[in-house]
Structures are given as C-alpha cells and as structure tokens.
Amino acid sequence: MPRTRRTAQRRQRIVPYGIKFSICGYMALALLQRIHFDIVSDGDDRSVLLAKVYQKSHIGKDKLVGSLTDTIGGVLAKLKDGVLEETLRKDSPDGSVVSGITIKFAFASEPRRDANADQRQATDAVTRATEVVGTLGPTPAVVGLLSSAVDAGTNVVTEVQTFETTWGVLLQRMELFNKIVTDIAQIHPYTSLAWSVISTASQVLVNQKNRDDQIIRLAGTMSDVFAFVHDAEPLKAIQAHIKAITLLIQQVTECGYFITEYTKQKSFWIRTAKYTISDIDARISDYVNSLQQLKAAFLEGVALQTGVTVLRMMNVVEHTAESVDLNDMPYAFGARYAQEKGCLTGTRESFIKDLCEILNNPDEDAPRVCLLTGVAGSGKSAVAHSIARLYDGQKRLGSSYCFASTDVARRNPQNLFSTIARDLSDHDPQYKSALWRIVKDNRALRTSTSPFEQVERLIIEPSKDLHPIGPLVIVIDALDESGNQAGRRHLLRAISKQIAESALPRNLRFLITSRPESDILAALPADSHFVHKKMGDIDEQIVDGDIQKFIHHSLHQYTKLESSWPNQEWCRLLVHHSQHLFQWASTACNFIEGFGSIGLNPCKRFMIVLQSNTLDELYWTILGQLFTLDDSRQLFREVMAVVLALKEPLSLTSLTALFDKDLIIEDIIKPMGSLLDGVLDEEKPIRPLHTSFRDFLLDEARGSIFYVDIRPEHSLSLGRALLACMRNMLKFNICDLKDSRERNAAIPDLPSRVNKAIPPHLVYSCQYWMDHLQHTRYTLDLLNEVTLFFNDFFPYWLEAISLLSLSSPLSFILSALETCTILKKWAKVR
C-alpha cells in the first residue's frame with residue numbers, strides 16, 4: 001500500500017492512501033500496479049482522467065481526500081519533465097474547494113505504431129520479463145516515494161511500485177537498451193555484462209524470496225535510469241553522452257552485484273549483528289544517489305561530478321594514518337594485461353558473455369576457476385585481455401598476470417601470488433590493512449617466493465574477516481609459459497590444493513588460459529571447483545565470421561585488393577587459408593600491410609600468404625621472402641639467437657647500443673614487423689608477436705633453415721657485450737650528486753637521476769651479466785676479463801645495484817646475490 005508523509009509544524013505522522021483512476025469509465029486501483037491505459041484518440045485528446053485519493057481506513061469506509069479531473073490533452077500540456085504536479089480539489093456543500101494537498105504523477109505518453117520496430121522489441125521484452133517476474137508470485141511490499149511537506153501543506157508523491165512491476169519494467173527497458181547500443185563499441189560490452197548481472201540477480205530473487213522495500217526502491221531507481229529508451233530518438237542521446245551512459249551502465253551493474261549479495265546475505269548480516277538496518281540503508285542510499293547524479297549528468301548534459309560507486313566489501317573501514325609499505329614484496333612489473341591485445345570489438349561476443357556468466361555466478365558452490373584452453377594461435381590470450389579490460393573498467397579486476405616465455409626473469413611462479421596480493425591491496429583499503437597487519441613485522445614473509453606460502457599468508461589470511469560483495473576477477477594468461485613442467489609444479493599444486501579446499505575468498509574468480517598441457521589439465525581437472533572452456537568448442541562458422549570481421553577491419557583500406565578480387569573474395573580467401581586460427585589471420589594481415597619494408601605492394605604480399613595454409617607454413621613463407629640468401633639467413637639466425645637468449649626483452653635501441661658494430665641488429669629486425677613486436681618503435685622491447693613464432697624458430701624440425709640454435713657462443717657474445725657495457729658506463733657517483741655521501745632518501749629527485757644515468761641496456765647488464773657467462777666455455781681471456789672487472793668496477797656495480805633497488809628492491813638485490821653465488825661456483829670450477 002502506498003504511504004505518504006504528512007508534516008504539519010513540528011509533528012510528523014504516516015498516513016496510508018489509496019488512489020483510484022478512471023479514464024472514460026475504465027477503473028483501476030493503484031495499490032496493485034502501475035496503471036497503463038490504451039486510449040484511442042481522435043486527435044484532440046479529449047479523454048478524461050479522473051484520479052481520486054482516499055485515506056485508507058481499517059474500520060469503516062475509506063475517506064475521500066480529494067480528486068483531480070482533467071482531459072488527457074490538459075494533463076499532457078501541464079507536464080514538466082514527464083511529471084504532473086496538481087492540487088487536489090474536494091467537494092463540499094458550498095461547492096468544490098481546494099483541499100490543500102498536492103499530488104504528483106509520473107506520466108509517459110507512448111503512441112502505438114505497428115510499424116515501429118522498437119515498439120515491437122519492447123513488447124517482446126515485456127513478454128520475456130513477465131515470464132521471469134511472474135514466477136516471483138505476489139508480494140505485499142509497495143514503496144511510496146516520500147517527500148517532506150512544505151509549510152503547512154502536504155506533498156503526496158504517488159509513484160506506486162510493487163516488486164513485480166518495478167523489476168519487470170527494469171528488465172524490459174534494459175533489454176531494449178541492449179538492442180539499441182549493440183553497434184556502439186564503447187558501450188555494448190558493459191551493457192552485456194550488466195544484463196548478465198541483473199539476470200542473475202533476478203534468478204536469485206526468485207529463489208531466495210528475500211525482497212523488501214529497500215530493494216524495490218533501488219530497483220525503481222535503476223529502472224528510471226532507462227526510461228529514456230522510450231523517447232523518440234534514444235540512440236542520439238546515447239551517442240551524445242557516451243561517457244555518462246557508460247558510467248550509468250557500470251553503476252547499474254554494481255547495483256546488481258549488491259542486490260544479489262544482499263538478497264542472499266541480509267538475514268545473516270542482521271542475525272549475527274554484524275550490520276544494522278541503518279548500515280544497509282546507507283549502502284543502498286549511496287547507490288541511489290550515484291544513479292541519480294549520473295542520470296542527471298546524462299539527461300542534462302552537465303559535467304560529471306561523480307564516478308561509479310563500487311562496494312566490494314560490506315565492512316568498509318576508515319582510512320588510517322598508518323604507513324603501509326609493501327614495496328619489498330615480489331612484484332612482476334609489466335605483467336599486466338594490454339588493452340590493445342584484446343579481441344576486436346564485435347568478435348567473440350557470445351563466448352565472452354559465457355565466460356562472464358561463469359565469473360559472475362554468485363552461488364556458494366560455484367566453480368572458482370575457469371580454465372580456458374586452446375591450441376597456439378586460437379585467440380585465448382586475446383579473450384583473456386578482453387575479459388581483463390572489461391572487469392577493469394567495472395573496477396572489478398583484482399589483478400591480471402600474463403606469463404611470457406620471453407620474459408621469464410620478471411614473470412615467474414615465484415612472484416605470481418605476491419603480485420596478485422599487492423594488486424588486491426591497491427583495490428581495497430580494508431584488504432590492504434589486513435595484509436599489512438600480517439606482514440609488517442615479518443620481512444621474511446614479505447620476500448617469500450613460495451607459491452604455497454604466498455597463497456596462504458598473503459591472500460587467504462587477509463581475507464578471512466572481509467565480507468565481499470560481487471566478484472573480484474583474477475586473470476592469469478599463458479599459464480603454460482610459466483616454465484617447464486618441473487618449474488611450474490609447485491605453482492599448480494598451490495592453486496589446486498587451495499581451490500579444492502575452498503580456502504580462497506569466495507568472491508575471487510580466476511580466469512586462467514593455457515595450452516592444453518597434460519600436467520596443467522591434471523592439476524586443474526574439470527569438477528565442482530574448476531570449469532573448463534575450450535576455444536575449439538566454438539562453432540567454426542562463428543570463428544570464421546569473427547576472423548572475417550578482423551580481416552576486413554585490418555585491410556579494408558587497401559582498395560586494390562577489392563579491385564583484383566571483387567565482392568570480398570580476397571577476404572574469403574584469407575579466411576579459408578586461416579584454418580580457423582586467429583593468429584594466422586593476424587600475421588597474414590600484418591604482412592600484407594607491409595610491417596617491415598620489403599618493397600612489395602599489398603596485392604603481391606596477398607598472393608604470397610596464400611601459398612600457406614598452416615601457421616608454420618606462413619612463418620616459413622614470410623621468412624623465405626625476407627631472407628633469400630644464405631648470408632642473410634645466417635645473420636638472421638645469429639641475431640634471433642641473441643633476441644631469444646635474453647632474460648628480458650630489450651629494445652632495438654638497447655640491442656644496438658650493446659653490440660654496436662659487432663652484430664648488425666637493425667638490418668634483420670626492421671623488416672620483421674609482421675612477426676616481431678617493437679619493430680615500429682625503437683624504444684619498445686623486441687619480442688615475438690606470438691609464442692608460436694618463438695616455438696617455430698627453436699624447433700629444428702619445424703624451423704628447418706630458419707632454426708635458431710642457442711649455443712654457448714651466443715651466451716659468450718652476450719656476456720662479453722654486457723661486461724663491455726658496464727666497463728664503459730659505470731663510474732663513481734654515476735648520478736653526479738653534489739655530495740655522494742648523502743643518503744638516498746635525502747635526495748628528492750634521485751629516481752629521475754637514476755633513470756637518466758642508467759639506461760635500460762646498462763640496467764640489463766648489471767642484472768644478468770653473470771647469468772649469461774655461466775653457460776660459456778672457459779677461456780683464460782674470459783677469466784682475465786672477469787677478474788679485471790672485479791678489480792676495477794666492483795664498487796661501482798654495487799652502487800648501481802643500490803640505486804636501481806629504489807624502484808624494485810627485491811628484484812635487484814636478489815639478482816646481485818644470485819650473481820655473486822653464480823660467480824663463486826663458476827670460479828671454483830675454473
């Protein structure tokens with residue numbers, strides 16, 4: 001039953017009201033639902049609206065408070081922003097008089113046009129929404145949106161909402177909105193996620209039946225956000241305010257997460273006295289206020305004054321003044337996802353939606369880990385980067401970690417969970433405080449490299465007393481590149497053991513991608529804790545359709561292709577030759593676009609790639625076109641041996657600085673833009689665009705004449721280049737400080753001085769010179785070089801390590817200790 005708040009002077013009491021409507025004799029009672037009238041108008045809107053407001057009485061008849069009578073045309077003329085505000089009149093023996101009570105109605109005029117596609121879509125959406133909401137059954141809960149009285153009068157707001165009608169209209173409007181924005185790349189992924197979350201919340205509400213006025217109030221506000229979809233041109237409004245509508249969608253998603261958790265946990269929260277009703281009301285009010293502000297910014301086109309309200313934990317804590325320093329915990333810099341490596345907009349949509357539904361599953365026994373497997377080049381990493389980007393935009397990405405076989409020194413099992421823990425601490429102050437309490441007086445724990453200990457002490461233990469709301473997604477890409485089977489054994493055991501025991505926080509959801517390696521599949525079996533998804537399970541027609549979109553997006557500007565192979569035949573040929581592999585298509589498009597200069601036009605490059613059907617054949621074809629002579633192929637093998645032997649990838653600038661004229665790096669690297677990353681930007685690290693190319697080069701049977709054999713002489717060449725670099729660049733007081741005796745902490749601009757004085761190739765030299773020399777053959781000349789370096793440069797090397805440790809203490813200190821350990825063993829053997 002609607003309620004209205006009457007205020008007179010300093011007293012306040014709640015009075016129940018009922019409202020009866022009549023249009024042309026058709027009667028309806030507003031206690032049960034929103035009222036919809038179908039009016040057949042002859043053009044002058046003369047149908048009469050009669051609204052009577054009664055004060056409900058449990059004994060005797062209801063008392064008439066006042067009434068409103070007007071034509072539909074008159075009502076529509078008085079609307080302001082869709083709202084009619086009118087003073088009720090009351091009959092008396094002396095005639096009709098003003099009652100002193102003001103009533104507000106929200107009206108929407110929606111002419112019925114049979115040819116209107118949007119109207120038909122909305123009708124279909126209502127039908128589907130009604131099927132869902134119809135299972136809820138009747139509920140007595142009704143919300144009257146209240147407002148305070150002004151002076152001695154009474155302001156009655158009669159926006160009557162039941163759960164069934166409110167939630168049904170919300171689903172209807174969201175479905176229509178989803179269809180409207182399908183082709184808007186910036187919005188559609190978030191809309192799809194929002195629909196998934198709200199649909200899940202709807203099902204939870206069906207099952208739990210834990211619904212009350214608070215949820216209806218929040219759902220009503222969410223529904224109002226989408227009321228504009230019934231306007232004449234909603235798409236124009238959306239396109240004009242992309243940022244505001246994106247934030248609105250993200251906020252609705254957050255509300256969906258809260259509703260799901262609230263519906264399941266409310267009785268527990270109250271019963272255990274962890275939270276009061278006012279605590280919960282405050283959270284809901286935060287959501288309502290944020291929605292209203294974002295809606296105003298969208299509709300009125302004003303500057304945004306608010307962001308999305310994200311509540312990841314119910315037990316929000318105040319920020320403390322305590323200093324928290326987690327910098328000495330192992331951290332994998334550069335392992336985060338890359339936005340540009342995600343799927344092309346409009347591709348993989350249904351598959352990504354399926355993954356999101358798995359990650360959003362709120363059930364207590366829902367699988368915590370989704371393992372996505374696929375062969376090399378099938379596009380699983382692109383999917384992982386897209387998921388990471390989507391949840392990052394939603395502020396629900398706890399951490400992302402991308403293993404890379406070309407960067408094993410920085411990305412390895414020893415710093416995976418410590419990196420995740422540090423990322424989680426950046427998201428939530430309460431988690432950060434809990435983590436700091438555990439590690440602040442325990443340096444050994446902070447610097448631990450044990451996957452078991454990191455999971456137990458850095459993730460599980462800090463989360464025990466936190467009450468999460470909604471998922472926090474962890475994306476781990478290319479698990480198979482974390483090392484060989486022996487190297488990743490402890491990591492897999494840590495994951496499987498903790499997941500199997502359900503020890504991890506229940507809101508953490510892991511998306512892990514990998515090639516289908518036997519040890520990984522055995523450690524993470526498909527059961528109640530792990531769900532497996534395979535790239536190969538996607539229908540080949542869908543895959544080829546996505547590949548066609550990608551190829552057309554990449555090459556549509558080359559009009560000569562269309563002239564030579566009209567009606568998109570050029571695109572269909574490439575799709576056919578791709579054999580359902582995205583990496584083949586990506587590599588072929590890069591080659592046709594001419595990444596690297598080989599003097600061929602796009603049509604000739606197109607004909608070259610058509611000579612191959614597999615990824616290996618494509619690599620062979622491109623390399624054969626680039627390096628036709630024996631001498632060029634020999635130089636290619638020498639340069640690529642250095643590139644692949646590096647512990648961390650280096651840029652073309654750094655490689656050139658290290659080898660100077662001893663090895664002509666640029667002549668080999670520059671033409672390989674279709675196969676190597678970093679070719680077009682000389683300051684960007686050089687690495688294979690895809691791991692499959694690295695595998696191809698290091699496999700003699702596959703690489704054939706392009707096989708790269710990394711031998712001890714390559715390690716010797718690298719080690720000597722690093723020694724020479726340090727001899728040339730290291731010196732006393734390398735940062736040119738006025739007083740070298742000052743403590744590092746006392747020099748405010750020291751980090752910038754370090755970056756300027758110690759360039760990347762010198763950083764690499766200081767870290768890894770002994771790593772490379774240990775694999776070389778012993779010679780007296782080499783021993784003399786090492787001895788000379790220690791006699792003359794050892795103090796300067798320590799100074800450089802000390803300065804570099806400012807940014808990453810553990811990484812450089814451990815590398816220095818490892819260097820000394822290796823050197824000691826190497827010297828003894830020699």
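Quick note: residue numbers are just sequence positions, from 1. Computed from a prediction, not measured in an experiment: that's the story for all the values here.
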[X] atom [atom1], over 12 foreign heavy atoms within 6.0 Å:
X: E340; atom1: CD; answer: yes
X: I664; atom1: CD1; answer: no
X: R572; atom1: CZ; answer: yes
X: R389; atom1: CZ; answer: no
X: Q541; atom1: CD; answer: no

Note to self: Here's a test for you: under ring-ring contact (aromatic ring centres under 6.0 Å, His included), which of F706, Y707, F696 qualifies with Y619?
What the structure shows: F696
Margin query: Which residue is it: F591, W565, W570, Y558? I am looking for the one with a ring-ring contact (aromatic ring centres under 6.0 Å, His included) to F606.
Written below: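 In the set F591, W565, W570, Y558, the residue that makes a ring-ring contact (aromatic ring centres under 6.0 Å, His included) with F606 is W565.
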Presence of salt bridge, [Y] and [X], under 4.0 angstrom:
X: K670; Y: E682; result: yes
X: D677; Y: K684; result: yes
X: D392; Y: R336; result: yes
X: D480; Y: K380; result: no

Answer yes or no: is there a donor N or O on one side and an acceptor on the other, between the side chain of [X] and the main chain of [Y], under 3.5 Å?
X: H556; Y: H553; result: yes
X: H490; Y: F452; result: no
X: R633; Y: I705; result: no

Next item on the list: Begin from the C-alpha positions of K533 and C370 and carry the test side-chain contact (heavy atoms from CB on, under 4.5 Å) through to its verdict.
Entry: CA-CA 7 Å; K533 297 287 286 185; C370 177; 3.8 Å; yes
Next item on the list: Report the C-alpha separation of F789 and W769 in whole Å, then their side-chain angles, then the decisive distance to 0.1 Å, and conclude whether the ring-ring contact (aromatic ring centres under 6.0 Å, His included) test is met.
Entry: CA-CA 11 Å; F789 173 77; W769 63 277; 5.2 Å; yes
Notebook entry, point to check: Between N601 and K560, does a side-chain contact (heavy atoms from CB on, under 4.5 Å) hold up when you go through it step by step?
Noted result: CA-CA 10 Å; N601 64 44; K560 288 186 178 181; 5.9 Å; no
To the closest 0.5 Å, what do you measure between [atom1] ([X]) and [atom2] ([Y])?
X: I476; Y: I512; atom1: CD1; atom2: CD1; result: 4.5 Å
X: L675; Y: I669; atom1: CG; atom2: CD1; result: 10.5 Å
X: Q557; Y: H552; atom1: CD; atom2: NE2; result: 9.5 Å
X: R411; Y: T406; atom1: CZ; atom2: OG1; result: 7.0 Å
X: D709; Y: H714; atom1: CG; atom2: NE2; result: 7.5 Å

Next item on the list: Any chance you could lay out the side-chain contact (heavy atoms from CB on, under 4.5 Å) test for S405 and R694, step after step, and finish with the verdict?
Entry: CA-CA 9 Å; S405 55; R694 181 180 184 274; 3.5 Å; yes
Checklist line | Residue from Y401, Y331, F333 passing side chain to side chain contact (heavy atoms under 4.5 Å, CB included) with N415 | finding: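 Checked Y401, Y331, F333 against N415; only one passes side chain to side chain contact (heavy atoms under 4.5 Å, CB included): Y401.
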Next item on the list: Scan L618, L623, I622 and name whichever one has a side chain to side chain contact (heavy atoms under 4.5 Å, CB included) with F693.
Entry: L623
Regarding [X] and [Y], is there a side-chain donor-to-acceptor distance under 3.5 Å anywhere?
X: S400; Y: Y391; value: no
X: E683; Y: S651; value: no
X: Q583; Y: T587; value: yes

Closest approach of [X] to [Y] (non-hydrogen atoms, all atoms of both residues):
X: S715; Y: H772; value: CB-O, 3.3 Å
X: L689; Y: G673; value: CD1-O, 3.8 Å
X: A523; Y: L492; value: CB-CB, 3.8 Å

Notebook entry, point to check: With a 4.5 Å limit on heavy-atom distance, are the side chains of K497 and V455 in contact?
Noted result: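 In short, these two side chains do not touch, never coming nearer than 4.5 Å.
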Next item on the list: Report yes if the side chains of L416 and F403 come closer than 4.5 Å at any heavy-atom pair, otherwise no.
Entry: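 They are in side-chain contact.
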Checklist line | Trace of the side-chain contact (heavy atoms from CB on, under 4.5 Å) decision for L555 with L574 | finding: CA-CA 11 Å; L555 302 177; L574 290 175; 3.8 Å; yes
